[in-house]
Amino acid sequence: MTEQELFKKTNARTLSGAYLLEGAEELTKQQAIDRITSLLDPGFSDLNLKRMKEPDAAAVLDAAHAVPVFDALCVTVFTDFDDAALYDALEKRHALDALFSPVDAIILFVRRGKGRETPFSKLFSEKNRLVLFDVLSETRAEDMVKLLCARRCVRLDRPEAMRLVGMVGTDAYRLENEVSKLCDYVGNGGVITDDVLRFIVTPSVEYEVFPMLNALLAGNKKTAMRMLTEALKDGQENPLRVASFLEGRLKQMLIAKEMLDDKRPRPEIIKTMGGNPKAAEIALKNAQKYPTARLKNAVAAFAEINARMKQGLLNESDALVLAIYRSF
């Protein structure tokens with residue numbers, strides 16, 4: 001089931017039984033939970049809404065057999081659950097079908113990120129009760145920020161929406177925060193321009209560091225180091241944030257390179273790398289330029305930064321520079 005289908009069922013008040021919500025986009029996932037719990041009569045929500053961490057099979061069955069109090073519906077939200085243990089316990093009790101039988105109870109199993117496929121998740125998928133909240137595409141992110149601005153009576157045209165997404169990325173939480181700052185700055189009836197974006201928005205590390213990374217990958221180390229020096233000097237970036245970003249990109253490249261060595265198909269490699277598909281494509285292309293051993297050494301060089309700092313061998317800026325020189 002897609003999140004759009006879940007949204008339609010929520011509006012139609014046709015949800016019942018258990019659903020498994022997972023995926024990388026946490027804001028839209030939380031918005032879906034909020035929409036579902038808002039179906040309850042607010043005067044009796046304390047009686048009909050339960051949230052529980054680390055549930056056991058007994059708690060799950062209690063939720064499946066729950067009866068709403070002074071309302072037509074009750075909702076239970078489970079988090080931090082051990083789905084393997086739950087599946088085994090419910091299967092032994094021949095109670096798996098009980099998860100999907102209630103007509104006046106909704107049970108939400110909510111997982112951060114996307115877990116590996118298990119018998120539990122496979123069961124929900126077969127029942128069309130697995131709802132995946134994928135990372136926003138750039139187009140959808142642009143539509144979202146335009147809508148958020150329109151709700152605040154602020155004008156954001158498509159070119160500026162594209163620039164905002166380019167500066168911040170597609171994480172919905174970060175975009176919502178930046179839109180709030182922008183709308184507060186320009187006020188009701190205001191217009192968000194390029195100048196306003198440059199003045200107000202806190203760019204993502206990817207936006208700030210990508211040009212430097214591209215220079216490094218192109219062999220222009222002198223240019224890259226000048227860009228890094230300027231960024232650190234002006235306080236635009238923190239050395240550890242830059243290091244974390246570069247280490248993450250190098251790990252992506254290493255994953256891609258190892259899968260290329262195994263002759264895995266390109267679509268499978270892009271899917272395995274995860275995150276922004278465009279960034280994954282770039283990482284895959286760059287991975288083809290480097291031997292696997294060199295990428296492993298580069299990842300190791302950045303992984304050693306924290307250890308060198310804790311041992312008092314180098315400060316964070318020097319440790320970052322050393323890792324760059326060892327890697328590129």
Side-chain angles (χ1 to χ4, degrees), residues 1-40 49 51 60 63-64 73 75-81 83 86-87 96-97 99-148 150-151 158 161-162 165 168-176 179 265 267-281:
M1 178 186 296
T2 66
E3 58 180 286
Q4 288 79 15
E5 290 173 326
L6 181 68
F7 179 74
K8 290 178 181 177
K9 284 182 172 291
T10 304
N11 284 348
R13 302 182 72 93
T14 57
L15 294 177
S16 64
Y19 298 84
L20 173 59
L21 279 54
E22 63 178 22
E25 185 42 70
E26 298 298 336
L27 178 63
T28 54
K29 191 189 303 177
Q30 185 57 54
Q31 288 172 339
I33 296 168
D34 292 342
R35 281 196 296 269
I36 292 170
T37 56
S38 71
L39 297 174
L40 299 173
L49 173 61
R51 302 179 189 270
V60 171
L73 189 67
V75 178
T76 305
V77 182
F78 291 127
T79 57
D80 303 319
F81 49 88
D83 60 1
L86 287 178
Y87 185 89
L96 288 171
D97 287 341
L99 293 175
F100 310 101
S101 58
V103 295
D104 52 6
I106 298 173
I107 310 164
L108 302 178
F109 293 92
V110 183
R111 179 154 49 198
R112 289 186 65 83
K114 185 180 186 303
R116 61 185 178 83
E117 185 178 79
T118 64
F120 191 75
S121 64
K122 188 176 179 181
L123 172 66
F124 278 82
S125 181
E126 290 171 350
K127 297 283 188 178
N128 196 27
R129 300 294 186 97
L130 173 60
V131 189
L132 184 60
F133 293 81
D134 281 322
V135 174
L136 297 180
S137 67
E138 291 185 351
T139 300
R140 190 174 166 204
E142 292 158 13
D143 291 339
M144 186 191 87
V145 294
K146 283 176 61 65
L147 178 61
L148 290 173
R151 288 174 179 170
R158 179 64 66 176
M162 293 171 65
V165 171
V168 176
T170 59
D171 180 80
Y173 272 120
R174 288 205 62 202
L175 286 170
E176 186 180 50
V179 166
E268 181 185 347
I269 297 175
I270 296 296
K271 184 177 180 181
T272 301
M273 292 168 74
N276 187 310
K278 186 182 294 185
E281 285 278 4

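Worth knowing before you read on, the calculation uses all heavy atoms, side chains too, and leaves out hydrogens, waters and symmetry mates. None of the values given here were measured: they were computed from a predicted structure.
Taking 4.0 Å as the cut-off between side-chain N and carboxylate O, Asp80 and Arg112 do not count as a salt-bridged pair. Salt bridge annotation for Glu25-Arg174: absent, with no cationic side-chain nitrogen under 4.0 angstrom from a carboxylate oxygen. In this structure, Asp34 does not pair ionically with Lys29, as no charged nitrogen and carboxylate oxygen lie closer than 4.0 Å.
Ring centroid separation for the pair Phe109 and Phe81 comes in under the 6.0 Å cut-off. Side-chain rings of Phe124 and Phe100 approach one another, their centers coming within less than 6.0 Å.
Considering all non-hydrogen atoms of both residues, Asp143 and Arg158 come closest at OD1-NH2, 2.8 Å. Minimum interatomic distance between Ala63 and Ile107 (heavy atoms only, all atoms of both residues): C-CD1, 4.0 Å. Nearest heavy atom pair, residue Pro102 against residue Ala64, reads CG-O, 3.2 Å. Here the closest non-hydrogen pair linking Ala172 and Leu136 is CB-CD1, 4.0 Å. Listed here is the closest heavy atom pair of Leu175 and Ala141: CD1-CB, 3.8 Å. Contact record, Glu176 with Leu148: CA-CD1, 4.1 Å, taken as the closest heavy-atom pair.
More than 12 heavy atoms of other shown residues, nucleotides or ligands fall within 6.0 angstrom of atom CZ in Arg35. Crowding of Met1 atom CE: a count of heavy atoms from other residues, nucleotides or ligands under 6.0 Å exceeding 12.
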Evaluate Thr79 against Arg51 for side chain to side chain contact (heavy atoms under 4.5 Å, CB included), listing each step before the verdict. CA-CA 8 Å; Thr79 57; Arg51 302 179 189 270; over 6 Å; no
Apply side chain to side chain contact (heavy atoms under 4.5 Å, CB included) to Leu20 and Val131, showing your working. CA-CA 6 Å; Leu20 173 59; Val131 189; over 6 Å; no
Apply side chain to side chain contact (heavy atoms under 4.5 Å, CB included) to residues Ile106 and Thr76 and explain how you reach the verdict. CA-CA 6 Å; Ile106 298 173; Thr76 305; over 6 Å; no
Run the numbers on Tyr173 and Glu26 for side chain to side chain contact (heavy atoms under 4.5 Å, CB included), then give the verdict. CA-CA 8 Å; Tyr173 272 120; Glu26 298 298 336; 3.6 Å; yes
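Note: Gln30 CD to Leu27 CG = 8.5 Å, rounded to the nearest 0.5 Å. Atom OH of Tyr87 and atom CG of Leu123 lie 6.0 Å apart (nearest 0.5 Å). Going from atom CG of Leu49 over to atom OG1 of Thr37 covers 6.0 Å, rounded to the nearest 0.5 Å. Separation of atoms NZ (Lys8) and CG (Leu15) is listed at 13.5 Å; rounding is to 0.5 Å. To the nearest 0.5 Å, atoms CZ (Phe7) and CD1 (Ile36) are separated by 11.0 Å. Considering CG of Leu108 and CD1 of Ile33, their distance stands at 6.5 Å, rounded to 0.5 Å.
The side-chain heavy atoms of Thr28 and Arg140, taken from C-beta on, include a pair separated by under 4.5 Å. Taking 4.5 Å as the limit, some side-chain heavy atom of Val75 sits within range of a side-chain heavy atom of Val77. Considering only heavy atoms from C-beta on, Phe78 stays 4.5 Å or farther from Val110 through its side chain. Phe133 has its side chain within reach of Leu6: a pair of non-hydrogen atoms, C-beta onward, lies under 4.5 Å apart.
Between the side chain of Arg129 and the backbone N or O of Ala18, at least one donor-acceptor pair lies under 3.5 Å. Arg13 contributes a side-chain N or O that, together with a main-chain N or O of Leu39, makes up a donor-acceptor pair within less than 3.5 Å. A donor-acceptor contact shorter than 3.5 Å links the side chain of Glu5 to the backbone of Thr2. In this structure, Ser125 contributes its side chain and Ser121 its backbone to no donor-acceptor pair below 3.5 Å.
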